[in-house]
Amino acid sequence: MLVFYILLLFILFFGAQRSPRGGFWPDAFSYQSDLPLRGFFMLLIVFHHISQQLTHPGSLKLLQDSGLLFVSFFFFLSGYGLMKSHLRNTDYFHVFFKRRYSKLLVPFFLCNLIYLGVDLLFGASYTPAFFIKCLLGLYLINTHAWFILTLALFYLFFFLIFRFVKKSSLQYALLFLFQISYAAFCMQRGTGWALFEGPWWFNSSILFLIGVLFAGFEADIVPVLKKNYGIFLSLSSLSFFLFFFISVYVTDEFPYRIQDTSLLSPLILNSWFNLCWQSLAVIFFCLTILLFTLKIKCSNSCLVLLGKISMELYLIHGLFIQLLKGQLCTVQNDYLFIFAVLLCSVAAACLLHSPLHFLTAKTFDELKKLPF
């Protein structure tokens, strides 16, 4: 499937612009510049989940090991975006929960309702209590939506730390402590399908902290990156490939614990050993992407569209995976399966985008009227 990777590179670089010779894009980290990359990495996340269902993945097996890289980009953007908004607006925290959680949870709840409706249509039965539990995300009917719950938790701790702690060094220290505690909590729970079970809940989440730090010290960091661009790009890309392949090897040889394990047990060291290498891999991956955006601006209508519907695409593509892998029919041909899931997912995400945007805005407007 070499042609698949060639097609991905074509999608990424079609219409891309290089910065003027010797210069850098001044808006490299703006929302408009990031939007096409959001679309590209969301596309890769969809392919990552599709590749896990293929009978003969072939070269696409590489995507099965790469999901944490693509997710790390969104963790970085989340931390970076929160911190930039906080630094720009002194009144940011007055509407923090109303703005952030409406954008996060309205699509989450609505897509959960769609999954439940489809299940009921195909004969599933739910008790009222379990239906509500699935709707609220206390049980993940869409297992790919774990990222939404993780972000909701990270938003809460970001608010608590940066709203009530005034000393900046202590703010960063407490956020780092939260990140370590969160990973430890997930490790202790082991690997399963309940909430916060499985390494995917935390193995790329360090990029949230990195995003916050980068936004906080951007004025000091970016000039250094620009001044030594060639050196940083070479070292960063080489370090990423080295740490990524080591992390894949380590994950195979020293897997995460799959049952509840005391944090004081020597057995938990496997998990920490894994996390260290994966954290290095995702950190240098995102640094390489940041350096890339300083010189190259990706922009074409396909990526911009995918960027705009990235939330809807993330939440809905799992539905078509389950429909085409047994619930509605079983598509045996891998190529047909990939094409059908992608086409249906993008079409559904486009249809959902405007209604969700309207509902999110309406919810935020109503929440602003509340006295607290």
Side-chain angles (χ1 to χ4, degrees), residues 7-17 25 27-50 63 66-85 99-100 102-108 111 144-148 150-152 154-155 200 204-208 210-212 214-215 218 282-283 285-318 342 345-354 356-357 360-361:
L7 181 60
L8 282 178
L9 289 175
F10 175 78
I11 293 172
L12 177 63
F13 288 106
F14 180 76
Q17 296 177 297
W25 290 114
D27 60 341
F29 311 125
S30 67
Y31 173 78
Q32 290 302 322
S33 293
D34 288 338
L35 189 62
L37 289 178
R38 289 172 189 263
F40 182 71
F41 284 115
M42 186 52 65
L43 182 64
L44 291 180
I45 288 173
V46 172
F47 282 131
H48 164 68
H49 290 146
I50 291 175
L63 293 177
S66 305
L68 80 163
L69 301 177
F70 314 141
V71 174
S72 71
F73 177 75
F74 289 94
F75 270 120
F76 175 86
L77 289 182
S78 298
Y80 179 80
L82 288 184
M83 192 62 178
K84 290 291 285 187
S85 297
R99 183 185 301 278
R100 286 290 174 175
S102 59
K103 288 183 177 180
L104 198 64
L105 296 181
V106 169
F108 177 69
C111 286
H144 298 152
W146 63 267
F147 183 74
I148 304 299
T150 303
L151 272 193
F154 279 40
Y155 284 1
W200 55 88
S204 60
S205 65
I206 190 65
L207 264 298
F208 182 87
I210 300 298
V212 171
F214 185 80
E218 184 176 357
V282 296
I283 287 171
F285 172 75
C286 282
L287 177 57
T288 302
I289 298 301
L290 288 176
L291 290 165
F292 169 83
T293 58
L294 283 172
K295 283 287 188 180
I296 305 296
K297 181 180 291 186
C298 297
S299 183
N300 60 64
S301 57
C302 176
L303 290 181
V304 170
L305 172 64
L306 291 174
K308 289 179 178 178
I309 64 170
S310 57
M311 172 66 88
E312 295 83 0
L313 184 57
Y314 174 70
L315 289 171
I316 205 64
H317 74 275
L342 184 61
S345 300
V346 172
C350 289
L351 290 174
L352 285 171
H353 179 69
S354 292
L356 281 177
H357 180 75
T360 299

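The side-chain heavy atoms of W146 and T150, taken from C-beta on, include a pair separated by under 4.5 Å. No side-chain heavy atom of D27 sits less than 4.5 Å from a side-chain heavy atom of Q32. No side-chain heavy atom of W25 sits less than 4.5 Å from a side-chain heavy atom of T293. Side-chain atoms of C298 and F292, non-hydrogen and from C-beta on, do get closer than 4.5 Å to each other. For the pair F154/S78, no side-chain contact is recorded, criterion being any heavy-atom separation below 4.5 Å from C-beta on. Residues L305 and C350 are in side-chain contact: their nearest non-hydrogen atoms beyond the backbone lie under 4.5 Å apart. L82 places a side-chain heavy atom less than 4.5 Å from the side chain of R100. Side-chain atoms of F147 and W200, non-hydrogen and from C-beta on, never get closer than 4.5 Å to each other.
To the nearest 0.5 Å, the span separating CZ on R38 from CG on L313 amounts to 14.0 Å. Separation of atoms CD1 (I50) and OG (S345) is listed at 6.5 Å; rounding is to 0.5 Å. In this structure, the separation between OG on S72 and CZ on F285 is 5.5 Å, given to the nearest 0.5 Å. In this structure, CD1 in I210 is found 12.0 Å from OG in S204, a value given to the nearest 0.5 Å. In this structure, CE on M311 lies 4.0 Å from CD1 on I148, to the nearest 0.5 angstrom. One finds the CG atom of L315 at 12.0 Å from the CD1 atom of I309 (value rounded to the nearest 0.5 Å).
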**OP:** Could you please spell out the steps behind the side-chain contact (heavy atoms from CB on, under 4.5 Å) verdict for L303 and L35?
**Re:** CA-CA 8 Å; L303 290 181; L35 189 62; over 6 Å; no

Subject >> Intermediate values then yes/no, side-chain contact (heavy atoms from CB on, under 4.5 Å), L306 and V346 >> reply: CA-CA 8 Å; L306 291 174; V346 172; 4.2 Å; yes

Subject >> Worked verdict on L342 versus F47 for side-chain contact (heavy atoms from CB on, under 4.5 Å) >> reply: CA-CA 8 Å; L342 184 61; F47 282 131; 3.8 Å; yes

**OP:** Would you sort out whether L290 and F29 count as a side-chain contact (heavy atoms from CB on, under 4.5 Å), showing the intermediate values?
**Re:** CA-CA 8 Å; L290 288 176; F29 311 125; 3.6 Å; yes

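A donor-acceptor pair is defined here as one N or O able to donate and one able to accept, closer than 3.5 Å; no such pair exists between the side chain of T360 and the backbone of H357.
Enclosure of atom NZ in K295 by more than 12 non-hydrogen atoms of other residues, nucleotides or ligands within 6.0 angstrom is indicated.
For A215 against M83, the heavy-atom pair with the smallest separation is CB-CB, 3.5 Å. Closest approach of K297 and S33 over heavy atoms only: CE-OG, 3.9 Å. Closest of all the heavy-atom pairs between S299 and V304 is OG-CG2, 4.4 Å.
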